[in-house]
Amino acid sequence: MSVPDQLLTPEQRHRYDRDGFLSLTAWIDPAAVLAVRHCYDRLFAERAGREAGDHFDLAGSDLDGGTPALTQILEPARYAPELLETELFARCAALIGDLLGPTATSHLGHAICKPPGSPAATPWHQDAAYWDRSVDHPDAVSVWIPLQPVDTDSGCMEFVPASHRSRRVLAHRPIGDDPRVHGLELCPELLDRVVDPVACPLDVGGVTVHGGYTLHYTGPNRRTEPRRALIVMSGPQSG
Ligand SMILES: O=C(O)CCC(=O)C(=O)O
């Protein structure tokens, strides 16, 4: 499988630097995206990573027996290494290399599933709020790949343009201010930073790209199909 070294046009690169995100339509062969869906669904059905602490409800208290609203599997390739051999991963890793330079590394950071009818938003946040502040973090890039069409009714990505520019981590707290919850949200008094958000609906084959300081959000899934997404991130695998 071969992917070109330069994937973004100068204009797309300029927009990424200016806005802190990109929405790329028809960017991966839809067949290459649909090819990973069976594996993705199997991981969620098997609750892969549950015992290792890699599988949890990002938006709830995550008690066994409860109904998860926003299930996440960290490092899904630990449980399905074949995901790293896919065209989808190769193309996303090449995109990260294009943005960060040829020495950049990539990993399949997480898989997030919003079940049908899930009321849970992924609240406004910066990925940098999750980083260990004692370590120096170079620029980070995430490529978000939906495994079915997405729009605002199913929880597509939404971004605040130019919110990355200060390169500051804003104050966050656990979602709902519940210390049992893994996920983070921007503190309510900072929600005035959410100015002119841009929703990015996509068909299969589209992806969004964002940086670690860019404010982003996804809404509830009001549809009858799960909202599946895989996220390829720059940097080494965690843990
Ligand atoms: O898929 C989602 O709901 C949120 C994804 C996200 O926040 C991210 O990839 O940084």
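Numbering of ligands and ligand atoms starts at 1, following listing order.
In the vicinity of His125, heavy-atom distances shorter than 4.0 Å reach the ligand 1 atoms 7 (O). Residue Thr218 has at least one heavy-atom neighbour below 4.0 Å for each of these atoms of ligand 1: 2 (C), 3 (O), 4 (C). Each of the atoms 3 (O) of ligand 1 lies under 4.0 Å from some heavy atom of Lys114. Residue His210 approaches ligand 1 through these ligand atoms, each under 4.0 Å from one of its heavy atoms: 8 (C), 9 (O), 10 (O). Applying the 4.0 Å criterion to heavy atoms of Asp127 picks out, from ligand 1, the atoms 10 (O).
Taking each of Val143, Val232, Ile231 in turn, the one with a heavy atom nearest to atom 9 (O) of ligand 1 proves to be Ile231.
Of all protein heavy atoms, the one lying nearest to atom 4 (C) of ligand 1 is Thr122 CG2, 3.7 Å. Counting protein heavy atoms only, atom 5 (C) of ligand 1 is closest to Trp144 NE1, 3.6 Å. What sits closest to atom 8 (C) of ligand 1 on the protein, heavy atoms only, is His216 NE2, 3.6 Å.
In this structure, Arg37 and Gln148 have side chains that are in contact, with non-hydrogen atoms separated by less than 4.5 Å. Under the 4.5 Å side-chain criterion, counting only non-hydrogen atoms from C-beta, Cys156 is in contact with Thr152.
Proximity of Arg227 to ligand 1, defined as any heavy-atom pair under 4.0 Å, is confined to the side chain (atoms from C-beta onward).
The existence of a salt bridge linking Glu46 and Arg42 is confirmed by a sub-4.0 Å separation between a basic side-chain nitrogen and an acidic carboxylate oxygen.
Side-chain atoms of Asn221 come within 3.5 Å of backbone N or O of Pro115 as a donor-acceptor pair.
Note: Tyr217 and Trp124 have parallel aromatic rings, judged against thresholds of 30 and 60 degrees for the angle between ring planes.
Atom CG of Asp192 sits in a crowded spot, with more than 12 heavy atoms from other residues, nucleotides or ligands closer than 6.0 Å.
Ring centroids of Phe21 and His216 are separated by 6.0 Å or more, keeping the two rings apart.
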